[in-house]
Enquirer: 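I have a structure here, written as structure tokens, and I will follow up with some questions on it.
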Amino acid sequence: MNEKFLKPYEPKEVESNIYKFWENTNFFNPSVCIEKGVTDKNAEYYSIVLPPPNVTGVLHLGHAAMLAIEDAIVRFERMKGKRTLWVPGTDHAAIATQTKVEKLLQKEGIRKYDLGREEFLKRVQQFAQESHDTIATQIKAMGASVDWSREAFTLDEAREKAVHAAFKRMYDDGLIYRKEKVINWDPKGQTVISDDEIVYETRKSTLYTFKYSPDFPIAISTTRPETKFGDTAVAVHPSDERYSQYVGQTFDIEFAGEKLSIKIIADEHVEKEFGTGALGVTPAHSQIDYDMSVRHNLPIKQVITEYAKMQTSSELVNGLKVEEARTKTVEWLRENNLLIEEKEMEQNVSTAERTGAIIEPLPKLQWFVDVNKKFKLKQSKLQGITVDQEVSLKELMQHAVSSGQIEILPDRFEKTYFHWIDNLRDWCISRQIWYGHQIPVWYKGEELIVGEDPKDSSYTRDEDTLDTWFSSALWTFSTLGWPEQTEDFLNYHPTNLLETGYDIIFFWVARMILMSTYLLGEIPFKTVYLHGLVRDAKGKKMSKSVGNAVDPIEMIEKYGADAVRMSLLVGVGPGSDMNFSEDKVRAYKKFANKIWNATRFVLEQTSDEDISQPSYISPEDQARIDEFSTLMQEITREFEEYKLYLVSEKMYHYFWHTFADIIIENSKKRIQNPISDEDTRSTKYLLRFLLTQQLKALHPFMPFITEEIWQTINKDNTILMVSKWPNQ
RNA sequence: GGGCGAUUAGCUCAGUUGGCUAGAGCAGUCCGUUUACACCGGAAAGGUCAGGGGUUCAAGUCCCUUAUCGCCCACCA
């Protein structure tokens, strides 16, 4: 027996070596597995792409959970003999990374404009590189068996090709268009953001009821009096008799020094019961009002700038910040006896996810993806949709899931998904930031070239960059070589599983379905497994600023990656949040030690001869073998259904409370007081057999300790990672 | 306003096709240093499975309802 079993299991001493050992075998790469004959060349394909972590810093426990789940699945599929590929990569996370670097530069007293676009981008790239390196180290520390030879980055050259190809296809199909519309402007980040990047915050605000001027017949209510300088209409409900006499009339009035021309319109969207039942319409500074202005053909009058300052001919507020302008306007209303009522109310304020700034709706020229426009699908492997069939992107997204071609776990999220699509508006994809894929459009006067650099200095390229989710939406196939028809692409797409957090189902999962069904006529993945949030022990969201964030690397150093993985897997079903507790990790470190010591016992009591099956197996031992075999069938089925939370717990329970507590304990008596040689032999075989089988079954969850033991006790140079799964 | 989830031992949570004498980790009680393991073993204790109603031979599990907490979505200005 190897001496190392005489002392307790020390994960720190083995984990990095084992990972290097695996890397040296190159068996993370399925092509090598075929070449070396560990995988059958006709084997079924199984593929997963790693949700690329943002290069904004380090991995957190949520990433650790993701890696634990995905690695367990990948190792399981690999052991079952499939040609298994797990593609790693990182995400440039455009706006998040740029904001982060801007903040770092701020500490040095540097603004990005001082550096200029090129120099600033160099800084960002340097930061991204360092962050990438840290992340790669952390992924390895978790034991993730990703194929590093296929690593990708959402902003590298190959992915840029994919982005350009996708953009061009969509443009040519009329699905990408450029238009001036009211968009969500982030005055702090100085960029437009999409609807999904808005975070609503409930705040107290005041609802003011007033008249524009003494001679105006209708009083209106608003929480933003300063925007009223941009009003071009007052809307009332069509059935509201109080105001029906005025509908259709236009009033030219003066409002605090600004000339307004207000048309009275009737629109279904006005609530009769709210306020006075009349709504001042500000087309330039409200999404709803903009929509109304389109319906009623109203002029759009911008009075607020990109810096959230007033721009009007009113001396009273011109040049002021919106908050100051609000105060001034209210004062003016009061002084002129126009203010009728002030009422406190709760209001949802839109803020920007990244900067926290209050969103200022503004009319701006931007690029959009049209989700409702019908087009002819060029190719289709989708069941129920044929080539040349007229569909919209929305319909494609709905169909992929409603037809059952994509299954979402837990299935209740399918409802959430459909609900999101029902309410989906065109996706604004251009951003006024520097870091990211620059929009592949070149202009020369009225002319424009899309998708390819004309290499002609008389053309100027669009300054804007794309929403980071545009490139991540292509991830399942851009990582496999698309737009080239590479072997990887042809073999590994669609991928089998997408495992990610439920918080990015809209940002990412839905957009991947959009891009894949549209560009390839194919689903991007068959199953979506959504994991929950990892919270702290008290159930609070972990955050750096609160100081309750747990560093997974610290946990790995203390308890070992196997223990950390188990603590994130056992009992945590898809879709449910989990509270992270160090006690749980500690418990699984003990379990690792238990495995270690049980191995020691078995090795002490048996010899290598006992590995081979004897001619006689006692009935009770046979019963144990059958029992284990039943367990294996059960957990194999559950594993295939992605019920890792059950499988991991069952294996834990079997090893400790059946194998160690009962089988090993019974064997002591039988070995010490032998009934017969045959019986002893049978017992020893059982111990050896169950130990090796359990190492296999535990390997997807606890790869390090199981491989370490395997390498010590097996003399035939086999590797546990690529050995056959015990399911007979 | 709409949707979803949670409520099980002192604490944190499993229990996902209804069959449980309801489990695990931690904490706590008693016993045990028998050569795998004290990062251990054995034993006991602890629960009207949020409340109420229903379906069923059988309900923690399915249905209805109430309460509390939490999350997501939404253009009442």
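First the proteins, then the strands, lettered A, B, ... as listed; each starts at 1.
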Enquirer: Who pairs with A:Glu665 by salt bridge (charged side-chain N to carboxylate O under 4.0 Å, His left out), at least two apart in sequence or on another chain?
Expert: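 Scan of A:Glu665 (salt bridge (charged side-chain N to carboxylate O under 4.0 Å, His left out), adjacent residues dropped) gives A:Lys668.
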Enquirer: Sort out the partner of B:A27 for me: Watson-Crick or G-U wobble, both distances under 3.5 Å, none otherwise.
Expert: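 Partner of B:A27: none found under 3.5 Å.
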Enquirer: Strictly below 4.0 Å: does A:Lys415 bring a side-chain N or O up to OP1 or OP2 of B:G5?
Expert: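 No, A:Lys415 has no side-chain N/O under 4.0 Å of OP1/OP2 on B:G5.
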Enquirer: Paired with B:C49: which nucleotide, if any, by Watson-Crick or G-U wobble criteria at under 3.5 Å for both distances?
Expert: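 In the structure as shown, B:C49 has no Watson-Crick or wobble partner.
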Enquirer: Does A:Ala660 reach a base, just sugar-phosphate, or nothing at all? Heavy atoms under 4.0 Å.
Expert: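 Here A:Ala660 touches the bases of the nucleic acid.
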Enquirer: How close do A:Ala598 and A:Phe659 get, counting heavy atoms only, and between which atoms?
Expert: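 Answer, listing the atom of A:Ala598 first, then A:Phe659: CB-CE2, 4.4 Å.
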Enquirer: Donor-acceptor pairs are to be reported for all side-chain atoms of residues 270-280 of chain A against protein atoms at under 3.5 Å, with residues two or more places apart or in another chain.
Expert:
{"residue": "A:Lys272", "atom": "NZ", "partner": "A:Ser239", "partner atom": "OG", "Å": "2.8"}
{"residue": "A:Thr276", "atom": "OG1", "partner": "A:Ala219", "partner atom": "O", "Å": "2.6"}
{"residue": "A:Thr276", "atom": "OG1", "partner": "A:Ala278", "partner atom": "N", "Å": "3.3"}

Enquirer: Can you tell me which residue among A:Phe255, A:Tyr212, A:Trp332 is in a ring-ring contact (aromatic ring centres under 6.0 Å, His included) with A:Phe229?
Expert: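 In the set A:Phe255, A:Tyr212, A:Trp332, the residue that makes a ring-ring contact (aromatic ring centres under 6.0 Å, His included) with A:Phe229 is A:Phe255.
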Enquirer: My understanding is that a pair needs two contacts under 3.5 Å, Watson-Crick or G-U wobble. By that rule, which nucleotide pairs with B:A14?
Expert: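 The answer is none; no pair meets the criterion.
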Enquirer: One thing to verify: whether A:Arg224 and A:Glu226 come together as a salt bridge, which I'm taking to mean a side-chain N less than 4.0 angstrom from a carboxylate O.
Expert: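 Counted as a salt bridge, because a side-chain N and a carboxylate O are separated by less than 4.0 Å.
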Enquirer: Do other residues, nucleotides or ligands put more than 12 heavy atoms under 6.0 Å from the NZ atom of A:Lys328?
Expert: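 At most 12 heavy atoms, drawn from other residues, nucleotides or ligands, come within 6.0 Å of this atom.
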Enquirer: Between N or O atoms, less than 3.5 Å apart, protein on one side and nucleotides 75-77 of chain B on the other: list the pairs.
Expert:
{"residue": "B:C75", "atom": "OP2", "partner": "A:Tyr200", "partner atom": "OH", "Å": "3.1"}
{"residue": "B:A77", "atom": "N6", "partner": "A:Glu271", "partner atom": "O", "Å": "3.0"}
{"residue": "B:A77", "atom": "N6", "partner": "A:Phe274", "partner atom": "O", "Å": "2.9"}
{"residue": "B:A77", "atom": "N1", "partner": "A:Glu271", "partner atom": "N", "Å": "3.3"}

Enquirer: Side chains of A:Asp196 and A:Trp427: do they bring a donor and an acceptor to under 3.5 Å?
Expert: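 No, no side-chain donor-acceptor pair sits under 3.5 Å.
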Enquirer: So which of residues 583-593 of chain A are in contact with RNA chain B, with a heavy-atom cut-off of under 4.0 Å?
Expert: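 Nucleic-acid contacts, sorted: A:Asp583, A:Ala587, A:Lys589, A:Lys590, A:Asn593.
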Enquirer: Polar atoms only, N or O, under 3.5 Å: list the protein pairs with nucleotides 14-17 of chain B and their distances.
Expert:
{"residue": "B:A14", "atom": "O2'", "partner": "A:Glu649", "partner atom": "OE1", "Å": "3.2"}
{"residue": "B:U16", "atom": "N3", "partner": "A:Tyr645", "partner atom": "OH", "Å": "3.0"}

Enquirer: Counting only Watson-Crick or G-U wobble pairs whose two distances fall under 3.5 Å, which nucleotide matches B:U56?
Expert: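 Its partner: none found.
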Enquirer: For atom P, what is the distance between B:U33 and B:G19, given to the nearest Å?
Expert: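 Those two atoms are separated by 43 Å.
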Enquirer: Go through the structure and list residues passing salt bridge (charged side-chain N to carboxylate O under 4.0 Å, His left out) with A:Glu609, not counting sequence neighbours.
Expert: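 A:Glu609 satisfies salt bridge (charged side-chain N to carboxylate O under 4.0 Å, His left out) with no residue once adjacent residues are dropped.
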Enquirer: Counting only side-chain heavy atoms from C-beta out, which of B:G42, B:G5, B:C73 sits nearest to A:Arg412?
Expert: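 Between B:G42, B:G5, B:C73, the one nearest the side chain of A:Arg412 would be B:G5.
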Enquirer: Which nucleotide, B:C37, B:A24, B:G5, lies nearest any side-chain atom of A:Tyr652?
Expert: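 So the nucleotide nearest the side chain must be B:A24.
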Enquirer: Mind checking who B:C40 pairs with, Watson-Crick or G-U wobble, both distances under 3.5 Å?
Expert: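 Across any shown strand, B:C40 pairs with B:G32.
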Enquirer: With respect to A:Gln347, which candidate in A:Thr206, A:Thr223, A:Thr202 satisfies the side chain to side chain donor-acceptor pair (under 3.5 Å) definition?
Expert: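 In the set A:Thr206, A:Thr223, A:Thr202, the residue that makes a side chain to side chain donor-acceptor pair (under 3.5 Å) with A:Gln347 is A:Thr223.
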Enquirer: Looking at the side chain of A:Thr416, which of B:A24, B:A36, B:C72 is the nearest nucleotide?
Expert: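 Of all the options, the side chain of A:Thr416 is nearest to B:C72.
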Enquirer: May I ask you to decide if A:Leu533's main-chain N or O and A:Asp577's side chain share a donor-acceptor pair within less than 3.5 Å?
Expert: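 Indeed, once roles are kept as given, a pair shorter than 3.5 Å links the two residues.
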Enquirer: Applying a 3.5 Å limit to both distances, which nucleotide forms a Watson-Crick or G-U wobble pair with B:A6?
Expert: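 B:U68 - that is the nucleotide pairing with B:A6, both distances being under 3.5 Å.
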Enquirer: Check the phosphate of B:G41 against A:Trp656, side-chain N and O only, distance under 4.0 Å to OP1 or OP2. Yes or no?
Expert: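 Looking at the OP1 and OP2 atoms of B:G41, one of them is under 4.0 Å from a side-chain N or O of A:Trp656.
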Enquirer: Give a yes-or-no answer on whether the side chains of A:Tyr642 and A:Glu499 include a donor-acceptor pair shorter than 3.5 Å.
Expert: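 Absent: no donor and acceptor within the cut-off.
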